[in-house]
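Predicted model, so just to flag it, every value in this text is computed and none were measured. All values below were derived from every heavy atom in this structure, side-chain atoms included, with hydrogens, water molecules and symmetry-related copies excluded.
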Amino acid sequence: MKLFIHLFIAFLASILVITHAQDNQTEFLDVHNTARAQVGVPPLKWNHTLALYAQNLANKVKQTCNSTMSSRGPYGENTASGYGAFTTVDAVNQWVGEKENYDHRLNDCVNGTECKHYKQVVWKNSLYLGCASIIFGAGWPFVVCEYDPPGNVNGTWPY
């Protein structure tokens with residue numbers, strides 16, 4: 001009977017983990033696709049291979065406590081870290097907030113500011129998204145999203 005109870009508890013825990021992952025997936029897609037709709041580009045679709053790739057980087061960050069890591073892989077990538085109640089939505093909104101730094105006419109960031117994260121979020125040729133989030137160190141959230149095909153191709157407008 002004890003074994004049955006332990007198996008049942010493990011089963012319930014796995015359902016909660018899957019539900020949380022699906023909630024995060026929906027959050028990531030909703031925030032990205034809202035920004036993409038504002039500039040008339042098609043919505044992204046979730047890709048489990050990209051999500052696993054993102055999770056691999058997140059695990060490395062957790063092991064090393066180095067939130068400046070990059071996968072330097074074949075995908076477009078955005079990362080963000082915060083503190084406290086920094087959520088997946090906060091991370092994507094941080095990237096989208098770079099929109100004010102982007103001059104579409106010149107296809108460049110204004111006055112040396114950062115806008116590449118925003119451009120990746122709205123990159124018209126990116127079709128798929130996979131993201132992961134972790135807590136590392138003393139409670140520091142870290143979020144990473146992978147995009148395929150990658151954006152920020154020199155000389156090409158995002159939309």
**Q** Side chains of Y147 and N78 only: does a donor on one sit below 3.5 Å from an acceptor on the other?
**A**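 The criterion, which ignores hydrogens and geometry beyond distance, is satisfied for N78 and Y147.
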
**Q** Between V92 and Y83, is there shared hydrophobic-cluster membership here, with clusters defined by ILVMFWY side-chain heavy atoms closer than 4.5 Å?
**A**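 V92 does not cluster with Y83.
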
**Q** CG/L129 to OH/Y75 distance, rounded to the nearest 0.5 angstrom?
**A**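 Answer rounded to 0.5 Å: 12.5 Å.
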
**Q** Any donor and acceptor pair, going by atom type alone, linking the side chain of Q120 with main-chain N or O of V122 inside 3.5 Å?
**A**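 It does not hold such a pair.
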
**Q** Between the side chains of Q63 and N59, is a donor N or O closer than 3.5 angstrom to an acceptor N or O?
**A**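 No donor-acceptor contact under 3.5 Å links the two side chains.
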
**Q** Between atom CD of Q55 and atom OH of Y53, what is the distance when rounded to the nearest 0.5 Å?
**A**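 Here the interatomic distance stands at 13.5 Å.
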
**Q** If you count the non-hydrogen atoms of other residues, nucleotides and ligands that lie under 6.0 Å from NZ in K124, is the total more than 12?
**A**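 Check passes, neighbour count above 12.
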
**Q** To the nearest 0.5 Å, what is the distance between SG on C109 and CD on E100?
**A**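 Reported to 0.5 Å precision, the distance equals 12.0 Å.
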
**Q** For Y102 and N107, what are the C-alpha separation, side-chain angles and deciding distance, and is it a side-chain hydrogen bond (donor to acceptor under 3.5 Å, both in side chains)?
**A** CA-CA 7 Å; Y102 177 61; N107 191 29; 2.6 Å; yes

**Q** Please find the pair of heavy atoms, one from W46 and one from C131, that lie closest to each other, and give the distance.
**A**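 Smallest heavy-atom distance, with atoms named: CH2-N, 3.2 Å.
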
**Q** Would you call the rings of F28 and H32 parallel, tilted or perpendicular if under 30° counts as parallel and over 60° as perpendicular?
**A**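 The rings of F28 and H32 sit tilted, inter-plane angle from 30° to 60°.
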
**Q** Which heavy atom of K116 sits nearest a heavy atom of N152, and at what distance?
**A**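 So the two residues come closest at O-ND2, 3.1 Å.
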
**Q** Search all heavy atoms of Y118 against all heavy atoms of V96 and return the closest pair with its distance.
**A**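 Closest approach of Y118 to V96, heavy atoms only: CD1-O, 3.7 Å.
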
**Q** If every non-hydrogen atom of A54 is compared with every non-hydrogen atom of G130, which pair is closest and at what distance?
**A**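 Taking every non-hydrogen atom into account, CB-O, 3.8 Å.
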
**Q** Do V143 and W140 share a hydrophobic cluster (ILVMFWY, side-chain heavy atoms under 4.5 Å, transitive)?
**A**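 No, no single cluster joins them.
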
**Q** Rounded at 0.5 Å granularity, tell me how far OG in S126 sits from CG in L50.
**A**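 Here the rounded value is 9.5 Å.
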
**Q** Does either side chain, that of T113 or that of N111, offer a donor lying less than 3.5 Å from an acceptor on the other one?
**A**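 No - no donor-acceptor pair under 3.5 Å links their side chains.
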
**Q** Atom CD of Q38 and atom CG of N33: how far apart are they, to the nearest 0.5 Å?
**A**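 One gets 11.5 Å once the value is rounded to the nearest 0.5 Å.
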
**Q** What about F136 and M69, same hydrophobic cluster or not, with Ile/Leu/Val/Met/Phe/Trp/Tyr joined at side-chain heavy-atom distances under 4.5 Å?
**A**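 Yes, it is one cluster - the side chains of F136 and M69 are joined through contacts under 4.5 Å.
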
**Q** Is there a side-chain contact between K62 and F142 (heavy atoms, below 4.5 Å)?
**A**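 No; the side chains remain at least 4.5 Å from each other.
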
**Q** Find the distance between CG (N93) and CZ (F86) and round it off to the nearest 0.5 Å.
**A**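 Those atoms lie 9.5 Å apart.
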
**Q** If hydrophobic clusters are built from ILVMFWY residues whose side chains come within less than 4.5 Å, do V89 and L44 share one?
**A**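 Yes: a chain of side-chain contacts under 4.5 Å links V89 to L44.
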
**Q** Checking the side chain of E77 only, and the main-chain atoms of S71 only, is there a donor and an acceptor separated by less than 3.5 Å?
**A**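 Judged by distance alone, yes, a pair lies under 3.5 Å.
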
**Q** Please check if W157 and Y159 belong to a single hydrophobic cluster, counting links between Ile, Leu, Val, Met, Phe, Trp and Tyr side chain heavy atoms closer than 4.5 Å.
**A**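 Yes, W157 and Y159 fall within the same hydrophobic cluster.
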
**Q** Taking all atoms of both residues into account, what is the closest heavy-atom pair of V121 and R36, and its distance?
**A**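 Shortest heavy-atom separation between V121 and R36 comes out as O-NH1, 2.9 Å.
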
**Q** Are the side chain of W95 and the backbone of T79 linked by a donor-acceptor contact shorter than 3.5 Å?
**A**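 Yes; judged by distance alone, with no hydrogens or angles, the pair exists.
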
**Q** Kindly indicate, with the supporting measurements, whether the criterion side chain to side chain contact (heavy atoms under 4.5 Å, CB included) is fulfilled by I134 and V61.
**A** CA-CA 9 Å; I134 52 123; V61 167; 4.3 Å; yes

**Q** State whether the side chain of N101 and the backbone N or O of E114 hold a donor-acceptor pair below 3.5 Å, judged by distance alone.
**A**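 At least one qualifying donor-acceptor pair exists.
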
**Q** With side chains defined as the heavy atoms from C-beta onward, is the minimum distance between V110 and D103 less than 4.5 Å?
**A**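 Counting from C-beta outward, V110 and D103 do come under 4.5 Å.
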
**Q** Got V153 and W123 here, is their nearest side-chain heavy-atom distance under 4.5 Å?
**A**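 Yes, their side chains come closer than 4.5 Å.
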
**Q** Tell me the closest heavy-atom pair linking P141 and G84, and the distance in Å.
**A**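 That closest heavy-atom pairing would be CG-O, 3.8 Å.
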
**Q** Would you mind telling me which of T87, L29, T88 makes a side-chain contact (heavy atoms from CB on, under 4.5 Å) with N24?
**A**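 Of all the options given, the one that passes is T88.
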
**Q** Do other residues, nucleotides or ligands put more than 12 heavy atoms under 6.0 Å from the OH atom of Y128?
**A**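 At most 12 heavy atoms, drawn from other residues, nucleotides or ligands, come within 6.0 Å of this atom.
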
**Q** Are side-chain heavy atoms of K99 and H117 found at a separation under 4.5 Å?
**A**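 No; the side chains remain at least 4.5 Å from each other.
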
